[in-house]
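By convention in this document, chain letters (A, B, ...) are assigned in the order of the sequence lines, proteins followed by strands, and residues within each chain are numbered from 1.
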Amino acid sequence: MSASFSNKEPFSSWGRIDRRLYPVARPRFAADLAKAIAAPDRPASVLPVGLGRSYGDSCLNAEGGLIVMTGLNRLIEIDEQGMVMRAQAGLSLGEALRVLTPKGLFLPVLPGSQFVTLGGAVANDVHGKNHLKNGTFGRWVRRIGLQRSHGPALSLAPDDPSGLFAATMGGFGLTGAISWVEIGLAPIGSAFLDAEDIPFSSLDEYFQLMAESETFEQRVAWIDCTRPGRGVFTRANVRHDGNFQIGPARPALSAPLDGASFLFNGVTLRAFNFAYAAAHRASVRPVHYSKFYFPLDAVGDWNRLYGARGFRQYQCVVPEGAARDAVHEMLYLIARSGEGSMLAVLKAFGPKPSPGLMSFATEGHTLALDFPNHGERTLRLMARLDEIVLEAGGRIYAGKDGRAPARTFQRMYPRWRELERMRDPAIRSDFWSRVSAT
Amino acid sequence: MTRPIARRVIILGAQSAIAEAAARRFAAEGSRFVLVGRDLARLNEIAADLRVRGAAACEVEALDLVEARDPRGRMRAWVDTLGGISLVLIAFGVLGDQEEAERDLHALDRLLAVNFNAPAVWAATAAEIMMAQGGGTVMAIGSVAGDRGRQSNYAYGAAKAGIGVFMQGLAHRLAPSGARAVLVKPGFVDTPMTAGFAKGGPLWASPDQIGAAIWRAADKGGPIVYAPWFWRFIMLIIRAVPAFVIHRSKL
Ligand SMILES: Cc1cc2nc3c(=O)[nH]c(=O)nc-3n(C[C@H](O)[C@H](O)[C@H](O)COP(=O)(O)OP(=O)(O)OC[C@H]3O[C@@H](n4cnc5c(N)ncnc54)[C@H](O)[C@@H]3O)c2cc1C
Ligand SMILES: NC(=O)c1ccc[n+]([C@@H]2O[C@H](COP(=O)([O-])OP(=O)(O)OC[C@H]3O[C@@H](n4cnc5c(N)ncnc54)[C@H](OP(=O)(O)O)[C@@H]3O)[C@@H](O)[C@H]2O)c1
């Protein structure tokens, strides 16, 4: 049935560098999941995955099969008074919002795409533009269901003495398949936010804007990589106009053609960056949540524009004290490299501790950039960025990474062995094989 | 888009991916449901979701819809549970294995029973009640496979063709009463039924696309609805291809 691995299906991560066929199980019901992960005839290793919105190889398992969780997408309960939602882990955040919004409720932490599953959000303990106020997604998770290859279905709370909850939160899917998620919600007064865009021309201004915008829940900066220091700072709060219009289920547009990579050469990049900054000079504007949180979702499959070779993302966090110099150095290095990063996003992480053993978010500033895949050249640049990050006492984001050497990763995440000890022996990912090598 | 219509809906084969997608749309409008399928735990997973999405009530019943006795009595009881009926959706079906149906006559018999006999009987019981109440829609899911017999799946296709003619005839009979009968004919849909197929490309639809077509057809439109609509034209062409051409193909 649907829960067997007899079919081969194409799967890739968002960066599309490694595209191949996998034996796939697609559980639709809770019982299918238990069967798939423990099936005697399953591939030697499996990996639970969601919507493949991580960029690198954390959702890939070239040596085994995948359990695609998106068929387990049902709501289980919403307690409106208690502001708690329980749903199966394959439900997308966007779909959850479409049900929650009319009730005046919302997910307290959202990444930059609505096409992310609850399970994926837990497995990378994702963050949003409001980390200073709300911390990571995992801080709001009250309980999770975990299906491992041996033993019964588990229900784990943050105070779980075995440590399995903390290992699963930001645990890259390695401890078992997350079958359902129970999460606290935030009340909203509108589906719209009041957003304000402020152009800035130096990194110092960015740090100042971030510091003086304390009354704004949402804070993010877009940086022009061709002229480091120049950018647009966006800050926003939810409105209170009682308009609870829901967002679109699907992208309005789809990528016109595979590999319009001419869009990404130096010249058009400069033009794009300039236009982008200019468009943002208008001041306060009401903006729907779907446009504010998920601007890139407007074009479906935009990742295909990078063409057959795909692309990589680099995201790191560097601690507050070292951030100014490190971000400066990285941006200049990137500008000089001419590797054409089109999107650079700079955000701040506050002091709220992340609940996962391996959670990415730690206090400081986080920089994220896309690079078209130019093979060795791109890898060399990223290795140099790693050096700057290590020097500054920072770390990279596994959900975006597909190439950091084990040595580098292990220095950034010294507790990795604890996760390895709690890994489900039936689960493997390309990412984990790479970074846990000794 | 919420229409102010809270319906009373019975779904036979409610575990079907297509039926569930349709049910979510009706749930968002505050409808009441009786869900019938073979596995209680699965039906309960679906029912919980429909309640959260807005269903005013959701009863479940585990039943083999081919083996079930006393269909008239059961249909009556479900309608009574709901206090009336707006839509009966007959969604259960089995793609089966054509070669097995050629070798084993019992398999052929079962394939015809699940895809034609049983749906026809259930549709008949729903139609009686709707005719008496002077409204409501009985809808079955057919298939474009019923539009032309082909060596690869003509047993399944024949049953789907049969239920098509049955629903068309029923629509004719019901017309004066104000009740409706509809056959929805999907093309390729990405569901567990097609698990073994290579998917992707413009001909493959999501269960939600078919769910949307079912939702629209619950209120208005003719007795035969292709989903997505372009299959009407594809099948027009396929039906027109001369036999000698088809016979040279592996279709
Ligand atoms: C446009 C865009 C913007 C983004 N913005 C942000 C952002 O602002 N902040 C941020 O933190 N991230 C961001 N991301 C990254 C994204 O949120 C994460 O990579 C997320 O984990 C993807 O979820 P997914 O459902 O697609 O899971 P996948 O990518 O399929 O899998 C990701 C990981 O989760 C595991 N996993 C998935 N489901 C389960 C499950 N049910 N049980 C166990 N393990 C599971 C997989 O094994 C894998 O390790 C962005 C991604 C995109 C494409
Ligand atoms: N998928 C396509 O490409 C496609 C194309 C054209 C038409 N259709 C038709 O669409 C309808 C829905 O199918 P689907 O695509 O949604 O596939 P599906 O998810 O496999 O649904 C079929 C359902 O029928 C149920 N069923 C079978 N025999 C039954 C019985 N004796 N009693 C009760 N339930 C029974 C199955 O229940 P169990 O879970 O208990 O087995 C299953 O839930 C079917 O009529 C199918 O023929 C599908």
TODO: Any chance you could measure A/Ile78, atom CD1, to B/Arg51, atom CZ, to the nearest 0.5 Å?
DONE: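 Nearest 0.5 Å value for the CD1-CZ distance: 14.0 Å.
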Among residues 13-24 of chain B, those lying within the under-4.5 Å heavy-atom range of chain A are B/Gln15, B/Ser16, B/Ala17, B/Glu20, B/Arg24
Original post:
Under 4.5 Å, heavy atom to heavy atom, which residues of residues 98-107 of chain B contact chain A?
Top reply: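 Listed by number, there are no contacting residues, so the answer is none.
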Below 4.5 Å from any heavy atom of chain B, which atoms of [X] appear? Answer side chain, backbone, both or neither.
X	value
A/Arg86	neither
A/Glu80	neither
A/Lys8	neither

message = What I'd like to find out is whether the side chain of B/Asp49 reaches to under 4.5 Å of the side chain of A/Gln88, using heavy atoms alone.
response = no
- Has the side chain of B/Glu45 got a donor or acceptor atom that lies under 3.5 Å from a matching backbone atom of A/Ala30? yes
Smallest separation among heavy atoms of [X] and [Y], with atom names:
X	Y	value
A/Asp32	B/Arg42	OD1-NH2, 2.8 Å
A/Arg250	B/Asp208	NH1-OD2, 3.6 Å
B/Gly196	A/Asn7	CA-OD1, 3.2 Å

Side chain to side chain contact (heavy atoms under 4.5 Å, CB included) with A/Phe29: of B/Ile46, B/Asp39, B/Asn44, only one passes, and it is B/Ile46
(request) Could you tell me whether A/Lys291 atom NZ has more than 12 heavy atoms of other residues or ligands within 6.0 Å of it? (result) no
Please check if the number of heavy atoms outside B/Glu61 that lie under 6.0 Å from its CD is greater than 12.
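Yes.
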Begin with the C-alpha distance, continue with both residues' side-chain angles, and end with the deciding distance and a verdict on salt bridge (Lys or Arg N to Asp or Glu O under 4.0 Å) for B/Asp190 and A/Arg26. CA-CA 11 Å; B/Asp190 181 2; A/Arg26 291 187 170 270; 5.6 Å; no
- Output the option from A/Asn73, A/Val99, A/Leu72 having the highest count of non-hydrogen pairs under 4.5 Å with chain B.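 When all of A/Asn73, A/Val99, A/Leu72 are compared, A/Asn73 has the most.
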